[in-house]
There are 4 protein chains.
Amino acid sequence: MADASIRCVPSATRRSEQSRRAALDAALALVTELPYPRITVDAIAARAGVSKATIYRWWSAKGALVVEALAQQSADRPEEHLVLPDTGDLEADLAGVLRAIVDEMADPSYDALMRALSIESLQDPALRDQVREQIFGVQLEYVERRFAAARAAGQLRDDVGTLEAFELFVAPVFHRWQGATGPLTHAYADGVAARAVRALRPG
Amino acid sequence: MADASIRCVPSATRRSEQSRRAALDAALALVTELPYPRITVDAIAARAGVSKATIYRWWSAKGALVVEALAQQSADRPEEHLVLPDTGDLEADLAGVLRAIVDEMADPSYDALMRALSIESLQDPALRDQVREQIFGVQLEYVERRFAAARAAGQLRDDVGTLEAFELFVAPVFHRWQGATGPLTHAYADGVAARAVRALRPG
Amino acid sequence: MADASIRCVPSATRRSEQSRRAALDAALALVTELPYPRITVDAIAARAGVSKATIYRWWSAKGALVVEALAQQSADRPEEHLVLPDTGDLEADLAGVLRAIVDEMADPSYDALMRALSIESLQDPALRDQVREQIFGVQLEYVERRFAAARAAGQLRDDVGTLEAFELFVAPVFHRWQGATGPLTHAYADGVAARAVRALRPG
Amino acid sequence: MADASIRCVPSATRRSEQSRRAALDAALALVTELPYPRITVDAIAARAGVSKATIYRWWSAKGALVVEALAQQSADRPEEHLVLPDTGDLEADLAGVLRAIVDEMADPSYDALMRALSIESLQDPALRDQVREQIFGVQLEYVERRFAAARAAGQLRDDVGTLEAFELFVAPVFHRWQGATGPLTHAYADGVAARAVRALRPG
DNA sequence: AACTAACCGAGACGGTACGTCTCGTCTTGAA
DNA sequence: TTCAAGACGAGACGTACCGTCTCGGTTAGTT
């Protein structure tokens with residue numbers, strides 16, 4: 001499955017918003033309830049009260065539906081985004097958000113969801129792009145604002161782009177989560193924040 | 001698939017080394033030839049000229065076989081490990097190895113291997129642990145030596161462990177590779193090395 | 001499909017004759033082009049440039065439409081009916097018409113039409129009755145005239161009805177066609193005619 | 001369905017006789033229980049306790065399985081065959097067997113079974129041939145014996161083959177059954193026998 | 001001339017069944 | 001015993017049609 005590329009047929013005018021939401025909601029619910037390989041299109045269809053044909057009419061495969069469901073959730077709950085506060089203290093702000101991320105990663109349903117996203121991304125380039133644009137990109141925008149402020153306050157080097165700065169504090173946590181290569185604690189979050197700030201500091 | 005844990009029956013008394021190698025080689029070959037979800041146990045068995053029963057007798061599932069195949073390859077080709085040279089210039093050494101990694105990631109075979117490893121890690125905690133110990137751990141040991149030297153030369157802060165230091169320069173590259181969130185160039189490698197060294201520098 | 005009975009509901013006053021003919025013509029065309037199970041309502045609708053809803057508004061199912069199409073054709077081409085000539089020689093007349101039938105049966109289009117009729121008859125009693133009345137019955141009437149003449153000429157036994165006489169020479173040919181149990185040749189037609197006449201002869 | 005031809009592929013040596021019988025028995029049972037289009041491969045598989053893949057491994061489609069099931073039943077119950085007794089009185093013997101056939105045709109499950117056979121035969125030439133060889137042919141052999149005796153006793157014309165003679169008394173009944181063109185009574189059976197014998201009598 | 005009502009095309013929808021695929025187990029026979 | 005070969009039960013996959021429905025647009029046949 002998930003070998004082909006995304007379809008997401010256009011004509012969208014006559015599309016039933018009700019069916020669309022039912023499918024996305026069902027997908028979201030199942031993602032947090034079952035290990036990813038146990039989630040089937042039939043189960044999503046049944047849960048949504050929607051026919052399998054309808055799902056395949058609008059999504060190329062299970063993965064595309066799941067990713068869109070997660071993106072939709074992202075859009076529906078902007079307060080749950082990776083919003084960097086701005087207290088003036090960049091390291092503290094980063095540490096705070098990293099602690100929050102670390103806490104979320106301990107939640108089994110968040111874990112399941114991340115796993116689903118990662119697996120699909122790795123299996124299908126089209127889905128990887130979808131994830132990057134619909135989920136990662138949104139997160140990045142939120143971070144961008146805080147870094148713009150930091151840059152204006154002279155706390156950031158000129159030779160580091162937002163994407164690189166973002167990677168600097170997010171990638172280690174993500175890497176450790178994915179590989180289970182070490183504990184994901186608040187202390188660890190603080191350490192990552194400290195190192196990131198040191199790396200980004202001018203001079 | 002890959003829902004259960006590893007078995008890897010020990011007895012091995014009358015085990016046919018020939019069949020074992022054939023299976024591992026076939027798995028390795030297919031990983032680089034096909035998108036991961038298209039690789040089936042039947043295909044591996046057919047390619048290896050080995051029966052499916054034999055595979056299931058010695059490995060619990062496709063994933064365990066693939067991971068062992070990759071670990072085996074890792075063990076067979078130590079020269080391809082992530083060996084940090086020691087020229088005394090830590091940043092240059094890091095930049096060099098990161099450039100090498102970036103080059104490898106552009107190789108479709110390497111890409112496919114990494115993808116397989118990541119997918120299996122994400123699907124099965126037991127395999128994730130296996131990957132960490134048999135592949136990641138080996139890499140880490142090689143890096144450890146260089147960092148020990150740097151630490152002795154006073155180039156490293158005392159409050160940063162080897163694992164954290166390792167993550168600092170590897171995780172961003174890996175994250176960018178997995179998410180296709182940006183270009184993987186030598187310039188990028190140099191930037192990551194520079195930032196890592198800044199973050200690790202004492203004072 | 002075709003599990004329910006015939007409906008043929010609405011007003012018919014406002015009915016578009018154009019759509020009706022288009023549907024019937026499309027059905028007829030497809031019957032001769034495709035194996036029967038491959039003929040779909042969607043295909044008929046598409047070919048006719050008519051919507052599926054329109055088809056289901058006027059016919060209960062594919063079968064009803066096909067049967068009506070065939071009946072319509074039957075009505076449109078009376079010259080193609082099973083017309084028994086009357087030369088005075090009953091056996092020769094029968095042999096002539098049977099030879100004509102045998103020739104027709106070799107025509108793939110006719111074969112396909114007969115197949116469609118038979119399949120629908122067998123699947124739905126309502127359609128079977130429709131076929132009997134609108135197609136079989138018409139054929140029978142034509143035959144009736146010739147047998148009336150034969151009866152008047154004392155060439156027919158009193159204890160044999162027209163239907164039974166009809167069956168006597170038509171059923172074997174039809175049976176052989178449907179079961180492909182033997183060759184359908186002019187010689188065979190002559191034999192059937194001879195046997196029928198012997199069976200029907202008085203005394 | 002049933003568009004392709006018969007496959008019946010693999011080795012057959014390793015084939016599980018148990019699964020084969022379970023599938024055939026289940027098919028037979030369902031044919032008498034449900035209208036033919038309602039019989040599904042899934043239902044047969046479930047009833048038989050056999051996997052769908054096993055069914056498709058050995059039969060090309062539902063039709064082939066059903067036909068083989070009926071042929072198997074034919075083989076299992078030779079006493080239920082169309083066995084013509086030989087009392088010396090050909091007409092009485094024929095009338096007897098036709099009366100039995102007429103009685104059977106009134107049985108809904110026999111009716112359903114015949115319908116199934118006919119529909120499949122009409123939809124797929126390969127199945128038609130299978131029916132002819134595995135079912136019709138067997139019946140014909142039984143009839144052959146009685147006609148041989150009749151022929152020896154000088155009760156049959158020399159210019160009529162067994163197949164033609166068979167058609168003469170079976171086809172009218174079958175035709176009337178299939179088209180519902182008239183009542184199927186013992187009196188009708190007697191009439192058909194009488195006409196057949198007249199047609200077949202020498203001189 | 002506007003109104004109304006039924007028809008029409010298009011095509012999305014909930015369903016059912018299809019035939020294929022992969023999984024992991026099990027059986028057979030040769031070495 | 002181990003192995004190659006491969007049939008098996010289980011069940012998800014993605015496709016094809018079914019017959020129903022809603023949507024606007026059009027076209028009679030009134031008012």
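Here is how names work: the chains are called A, B, and so on, in the same order as the sequence lines, proteins then strands, and each is numbered from 1.
Looking only at distances, a side-chain donor or acceptor of D:Ser121 sits under 3.5 Å from a matching main-chain atom of D:Leu117. Checked by atom type and distance alone, the side chain of B:Ser118 pairs as donor or acceptor with a backbone atom of B:Met114 at under 3.5 Å. Checked by atom type and distance alone, the side chain of A:Lys62 never pairs as donor or acceptor with a backbone atom of A:Thr40 at under 3.5 Å.
A:Ser19 has a side-chain polar atom (N or O) that falls below the 4.0 Å cut-off from OP1 or OP2 of E:dG14. Contact annotation: D:Trp58 reaches the phosphate of F:dC8 (side-chain N/O to OP1 or OP2, under 4.0 Å). Phosphate proximity of F:dA4 to B:Thr54: present, with a side-chain N or O under 4.0 Å from OP1 or OP2.
Counting to the nearest Å, the P atom of F:dT2 and the CD atom of B:Gln18 are 17 Å from each other. Look at CD on A:Glu17: it is 11 Å from P on E:dC13, rounded to the nearest Å. Put simply, OH on C:Tyr56 is 16 Å from P on E:dA10, counting in whole angstrom units. Taking atom CD1 of D:Ile55 as the reference point, atom P of F:dA7 lies 16 Å away to the nearest angstrom. The CG atom of A:Leu65 sits 16 Å away from the C1' atom of F:dA12 (whole-angstrom rounding). Atom CZ in A:Arg38 sits about 12 Å away from atom P in F:dC13, given to the nearest Å. Put simply, CH2 on D:Trp59 is 14 Å from P on F:dA7, counting in whole angstrom units. Nucleotide F:dC8 holds its P atom 15 Å from the CZ atom of D:Arg21, rounded to whole Å.
Between D:Ile55 and D:Lys52, every side-chain heavy-atom pair lies at or beyond the 4.5 Å cut-off.
Cation-pi contact between D:Arg21 and D:Trp58: absent, since separation from the ring centre below 6.0 Å together with deviation from the ring axis within 45° is not met.
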**Study point:** Full working for side-chain contact (heavy atoms from CB on, under 4.5 Å) between A:Val66 and A:Tyr36
**Key:** CA-CA 10 Å; A:Val66 167; A:Tyr36 191 71; 4.1 Å; yes
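Heavy atoms of other residues, nucleotides or ligands lying less than 6.0 angstrom from CD of A:Gln18 number 12 at most.
Comparing F:dG9, E:dC8, E:dG15 by their closest approach to the side chain of C:Arg57 singles out E:dC8. Minimum atom distance to the side chain of A:Ala61 is reached by F:dG14, of the listed F:dG14, E:dC13, F:dC18. Out of F:dG9, F:dA4, E:dC23, the shortest distance to the side chain of B:Ser51 is found at F:dA4. Here E:dC18 is the nucleotide among E:dC18, E:dC8, F:dA10 with the atom lying nearest to any side-chain atom of D:Lys62.
Using modelled atom types, one finds a donor on one side chain and an acceptor on the other under 3.5 Å when comparing D:Gln72 with D:Arg20.
Of the two residues contacting DNA chain F, namely A:Thr40 and D:Ser16, the nearest-nucleotide position lying further toward the 5' end is that of D:Ser16.
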Review item, nucleotides 21-26 of chain F N/O atoms under 3.5 Å of protein N/O:
unit_1, atom_1, unit_2, atom_2, d
F:dT22, O2, A:Arg14, NH2, 3.0
F:dC23, O2, A:Arg14, NH1, 3.4

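With respect to C:Asp124 and C:Arg128, no salt bridge is recorded, no charged nitrogen being found less than 4.0 Å from a carboxylate O.
Near DNA chain E, meaning a heavy atom under 4.0 Å from it, residues 41-50 of chain B has B:Val41, B:Asp42 in order of number.
Shown here are the salt bridge (Lys or Arg N to Asp or Glu O under 4.0 Å) partners of D:Glu33, two or more places apart in sequence or in another chain: D:Arg47.
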